[in-house]
Every structure is written in structure tokens, then in C-alpha cells.
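Residue numbers begin at 1 in each chain, while the letters A, B, ... track the order of the sequences.
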2 protein chains.
Amino acid sequence: MSPRYAIGIDLGGTNIKAGLVDRAGRVAAKLARDCEPQRGPDCVISDIAAMCRQLLSARGAGLGDVVGIGLGSPGPLDLDKGLILKSANLPGWHNVSIRDRVAAQAGLPVVLNNDANAAAFGEFWAGAGREGGDMVMFTLGTGVGGGVILDGKLLHGSFANAGELGHMIVVPEGLACPCGQRGCLEQYASAGAVARRLTSGRRDDPGGRPRPQVADGRELTARDVVDAAQAGDPLASRIWSEACRYLAIACVNVQHAFNPATIVLGGGLAEAGAVLIDAVRDEFRRQSWSLCEDQPMIIGAALGYDAGVIGAAGLAWTSLSL
Amino acid sequence: MSPRYAIGIDLGGTNIKAGLVDRAGRVAAKLARDCEPQRGPDCVISDIAAMCRQLLSARGAGLGDVVGIGLGSPGPLDLDKGLILKSANLPGWHNVSIRDRVAAQAGLPVVLNNDANAAAFGEFWAGAGREGGDMVMFTLGTGVGGGVILDGKLLHGSFANAGELGHMIVVPEGLACPCGQRGCLEQYASAGAVARRLTSGRRDDPGGRPRPQVADGRELTARDVVDAAQAGDPLASRIWSEACRYLAIACVNVQHAFNPATIVLGGGLAEAGAVLIDAVRDEFRRQSWSLCEDQPMIIGAALGYDAGVIGAAGLAWTSLSL
């Protein structure tokens, strides 16, 4: 009997998402639960295996119906050995052989990849990039993640760190990044960065002219930056237009490096929709060369928060089925 | 009888280089002649075929001794159809079916690629990158060319323009580039750019303090910039250190995009040797992240002006032999 499903797991620092996904990328069942990494790998791995069993029983399926498990995890990872080396999002985890331990407990083969790569593969396999051609994705969340799909396969590079596009330098000697560099894309065009820049800009300039304020003293979000920019707030407008401009420069650099057919923008900042996509496209047209007709399509992600689960399942389908 | 040689052709706007290259990348015979593209494709193609016959007779070899011809050409090209679409270096050439016409006249199969890609493949196959792993090359000549080798194969991308690394933007709203962009790497770190910047800087500031001058009113070269910088000329020092700094930023961006094992610097500017390589390495160490141990080796090219011929032959060896 040929398998009907793959299981996709999106392991994060705050929660674990899991889905049963068919060969066409449709989600037949899904689940989520808190992760609590501080309980240690044993508990989390046992939770993942339990979620797999729950998904199968929800659809009346057995192990024989499943091609295997795709697992997207925070990194850095050792893909050959199937290890989580360490992770800012999984404090205290070191050299955890997540791939083989999940496989043993769930009774299914497991393919491991990092979370940004899994989400990018999801968009390629069943989302915004499914028309084909090489695809590059920027995930604009707390930081900026990236994923690169060439000839239908995720690019890993010689050190398994390819596609770390949030750490491309777009401003020489620019804002300091916790990674140790200055001027990283992530410091200008992540949801986290625009919110942080508005917060600190308002703190530094408390006596500025009246402008829309956020109630309740809650922390500002990327959504507040978009709203304030659209309402004409000059600081928010500058922060937003810098985000779009530097993202467009990163797209130009990706164009000349990989020459992809499609660039997909996803993550929290991309929830702004046309306000982001249109501005990045305009800036891209202004900044990119006129020498060749090799402009990629720049489009929004299609799968939302399911991209990681669907992409992990897609990796299982493409790596484990014959 | 298995073939002993491939023929590599490096077609340029001013001359044509050709070599008979064995399976190990050694040049058994070589030739060069003026190109004179204004005489038109018919004459140039017939010259190329004549050079092939000359190489074979120089080694007493026949067509059966040759696996095929690799041809590196200025672009843009249509690789599928084997066409030179047009080229700034081959004025008046449009949609020339160079691959099939050379094959017909020489009586051998031909693989076509662009000149920067052929040179990069040469360094990967038989030069600075021959130890293996993914490799990215910057060719720092009149402009800045690039080539990217992943899993042993040249990257072309969805529009056959991948690796146009000279047009990555390293300075937002920086110097204008003839390509239509601003702040391209090519405007700071090519041999042409540093010479041009010293020339125009001295013209704009004729009354500056005494400094090394070039005799005879001849045009300044990249070598003059290096010499003047080493002699302490402040303008030349600034131009040189900017070239190294922006090249290092481009290396950081290549690190995060492709994550290669090796970055090779070649072309006229790289003839400065350690003065360039050491400065770029120092700047790279200062600018690159400390999050992962994924720093590529940054090294000078090993094949000099033969890289194009050897690389073209290498493409014939790897594409045409079984």
C-alpha cells in the first residue's frame, strides 16, 4: 500500500506544530502544543512522538500510511548527523540527536532541516513558489530568516548555513547586530527591528510633535509601525521606508547572486500585505539594473503559519518516497 | 581510443586564446591571436576553427583524440540555444549561434558558457579551488565578474545570469554604475574603478599636497593605485582601503548566501597579491559574524590568464565525456 501522508513538525522555542499532509501539500489534520524546552529534550521528543500518534488516530491511519516525518527545527544543526548543535530558542540544548531519537520513538524515518529552510520549502512545494523555477524566501519575523531552492532542492552550502539572508550586510558600518556584524538586513527589515526602532526613536525624542500613540503602555509591534506610517507619523514613515528600501537592495543582491524566478516575502512583517510588497517592488524597480530582463517576481507568502509544517512534510515526501 | 584532450577557447573582445588541455587540467599547447570582432562572426568563427586545427597538428593529434571544445564567451548568452545575444565587447554581434557554428566548422561538439563562469570553473577544476567544496570567484578586472560552483556545477539560475557578483549593491545610493544601479561592487573594487577613481580624484584636487605622480601623462592603472597607497598617498590609500572593505562586505554576503568553502579573488586587481588578499581577509574577519564557524577560505586565483582556457576545457571534459 502506498503511503497517503507525511507528517510535518515545526519545532519552535514556544510551541510545536504538527500536521498530517498529503502528497499534494494539503493538510489533513493538525495540532499544536506548548514546547517548554526547559523541560529538556527527553520530554519534548516524547511530546513530538505523542503528537504523531494523535494525528494518525485522528484520521484512522497507521504507520504504513505515512512516508515519514519532516522536522523543522531552530539551529544551528548538523544535518549529516541529525543534531541540534545549540539554539537561542532551545536554551540548554546541546548536540541533541533529534532526528534519530524522534525516529526511534515515532517508528518512522525522519528528515531534519532548519525551520527557515522548511518554511521556504513549503512555499516552493505548495505555496507562493509552486509554479516552479528557482525560489528565494525571506522570512521577516523576530529576525530575518532565509531559504534558497535551486533546481527543486534546498541549498545548504559547504557549512550547511546557506541562505542566512538576514545577515547580508545592506548598510556598511550600520546598526550593530547581535551576530557580531554591523548593518545586517535583519536590523532594518524584520518585524522585530521596525518595532524596536520606533520604540527607541520615540523614547529618544519624547518632545516631538503630536503623533498617534499606542495605548496601554504595551510594546509596539510592526503593525503599529505600519499604522503610524500610514497615518503620516514621520519617524514611523522613515523606519518603514528604510525597511522596504533595504529589503529591495537585498532582493537586488539575491537577483544577481542566485538569479531566481521568484522571491517570496513571508513572516510577520509580510502580513502588512500590499503595503510591504508594493513598496519593495517599487524600490526594486528603481534600484535594479536595466541591463538584462532577469527580474524575479516578488510576491507574498501563501501558506502563513502553516508553511513550516507543510514544508517539513514536503521534505519528507521528496526525500523519503521513491 | 579514449580522448586525450579537450580544447578550451577564451573568446574576448580584443583577443582569442585557445589551448589543448588534458584530463588533469594541464595545458599541452596554447595559442592566441587578435579577435577583431568588427570583421564579423564569420571571420572570427573561422579563426577559431583554424586555431583548433593548429593546436591538434602542434601535438600530432586528430579529432578522435579530442573530447570536444569548451567555449567561454562574453555575454549575455542564451545557453540553451547556444547564442551570443549581444555583447559590449563584440559590437554589432546579435543572436550569433556561436556554439553550433563552431561545432560545424571544427567538427567537434561544443559547450558554451560565459567568460567569467569559464574562468571560475577553471579555478575550481584545476586551480585555487581544486581541493573541493563549493566555490565562489570574483574576477576583478575592467569590471567585476563572478562565478559560482555548487556541488561541482556552475550555477546558472532561472535566467542564466546567476553569479553577476559585480552588481551586488554594497553602498546604498552609492556611485552610479553603467548598468543602471547605484553602489555596485564593480564601482569600488574593480581594477578599472580604482584607477578611474584615482584619476578623477587627482583631477578634482590639483592643488593638493605633493604626492607620487605618474610620468608621461599615461593613464593610471590599478598598479599605480597600489603603489601610491603603499607610498602613503592619502587619496590612493582611501580608494584602496574602500576597495578592500567593500570587497570584504561582498564576501560576507556571499558567505551568508552560498556558504561556500572557498572564495577566490582573480583578475587584474588580484595581481596585487598579498596586499589585496591580506587586507580583504582582515576586513572580512572584522565584518563577518561570530555566530558560526562557517568562514570560507579567501585566496588568490592560481591560473592567471589561462583560467578562461583551462576552465572552458574543463567544461568540455565534464559535460562531454562519459
S.K.: Is it the backbone or the side chain of B/K153 that comes under 4.5 Å from a heavy atom of chain A, or both, or neither?
M.R.: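 For B/K153, there is no contact with chain A at all, as no heavy atom is under 4.5 Å.
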S.K.: Is it the side chain or the backbone of A/V170 that comes within 4.5 Å of chain B heavy atoms, both, or neither?
M.R.: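 For A/V170, the contact with chain B is made by the backbone alone.
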S.K.: For the residue pair B/A160 and A/N259, what are the closest heavy atoms and their distance?
M.R.: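 Taking B/A160 first and A/N259 second, the nearest heavy atoms are N-OD1, 3.6 Å.
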S.K.: Identify which part of A/E173 has an atom lying under 4.5 Å from any heavy atom of chain B, answering side chain, backbone, both or neither.
M.R.: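 Contact with chain B is through the side chain of A/E173 alone.
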S.K.: Between A/H167, A/M135, A/Q287, which residue shows the highest count of heavy-atom pairs closer than 4.5 Å to chain B?
M.R.: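 Of A/H167, A/M135, A/Q287, A/H167 has the most heavy-atom pairs under 4.5 Å with chain B.
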S.K.: Pick from B/G180, B/G163, B/P260, B/A162: which one has the most heavy-atom pairs with chain A under 4.5 Å?
M.R.: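 Ranked by heavy-atom pairs under 4.5 Å with chain A, first place is B/A162.
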S.K.: Which distance, rounded to the nearest 0.5 Å, do you find between the OG of B/S290 and the CD of A/Q181?
M.R.: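 CD of A/Q181 is found 8.5 Å from OG of B/S290.
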S.K.: Out of B/P76, B/A257, B/P296, which one racks up the most heavy-atom pairs below 4.5 Å with chain A?
M.R.: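 Most heavy-atom pairs under 4.5 Å with chain A: B/A257.
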S.K.: For chain B, which candidate among A/R286, A/Q255, A/H156 shows the most heavy-atom pairs at distances under 4.5 Å?
M.R.: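 The residue among A/R286, A/Q255, A/H156 with the greatest pair count is A/R286.
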S.K.: In Å, rounded to the nearest 0.5 Å, how long is the span from CE of B/M168 to NE2 of A/H256?
M.R.: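 Reported value, rounded in 0.5 Å steps: 9.5 Å.
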S.K.: Relative to chain B, which segment of A/L150 carries a heavy atom at a distance below 4.5 Å: side chain, backbone, both, or neither?
M.R.: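 When you check distances to chain B, only side chain atoms of A/L150 fall under 4.5 Å.
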S.K.: By number, which residues in residues 240-248 of chain A have some heavy atom less than 4.5 Å away from chain B?
M.R.: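 Within residues 240-248 of chain A, near chain B: A/R245, A/Y246.
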S.K.: Say you draw a straight line from CG of A/N161 to SG of B/C292; how long is it, rounded to the nearest 0.5 Å?
M.R.: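 Spacing of CG (A/N161) from SG (B/C292) equals 4.5 Å.
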S.K.: Between B/L155 and chain A, with a heavy-atom cut-off of 4.5 Å, which part of the residue counts as in contact: side chain, backbone, both or neither?
M.R.: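 Just the side chain, heavy atoms under 4.5 Å.
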S.K.: Side chain, backbone, both or neither: which part of A/P172 has a heavy atom under 4.5 Å from chain B?
M.R.: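 Backbone plus side chain of A/P172, per the 4.5 Å heavy-atom cut-off to chain B.
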S.K.: Any chance you could measure A/S288, atom OG, to B/I169, atom CD1, to the nearest 0.5 Å?
M.R.: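 Atom-to-atom, A/S288:OG and B/I169:CD1 are 7.5 Å apart.
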S.K.: With chain B as the partner, which of A/A261, A/C179, A/G157, A/A250 has the greatest number of non-hydrogen pairs under 4.5 Å?
M.R.: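 Of the options given, most contacts go to A/C179.
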S.K.: Taking every heavy-atom pair that is under 4.5 Å apart, which of A/T262, A/D151, A/V252 has the most such pairs with chain B?
M.R.: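 Highest number of pairs under 4.5 Å: A/V252.
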S.K.: Ignoring hydrogens, what is the shortest heavy-atom contact between A/Q295 and B/F159? Give both atom names and the distance.
M.R.: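 Scanning both residues, the minimum pair turns out to be O-CZ, 3.8 Å.
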S.K.: Find the distance between OG (B/S158) and CE (A/M297) and round it off to the nearest 0.5 Å.
M.R.: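 CE of A/M297 is found 10.0 Å from OG of B/S158.
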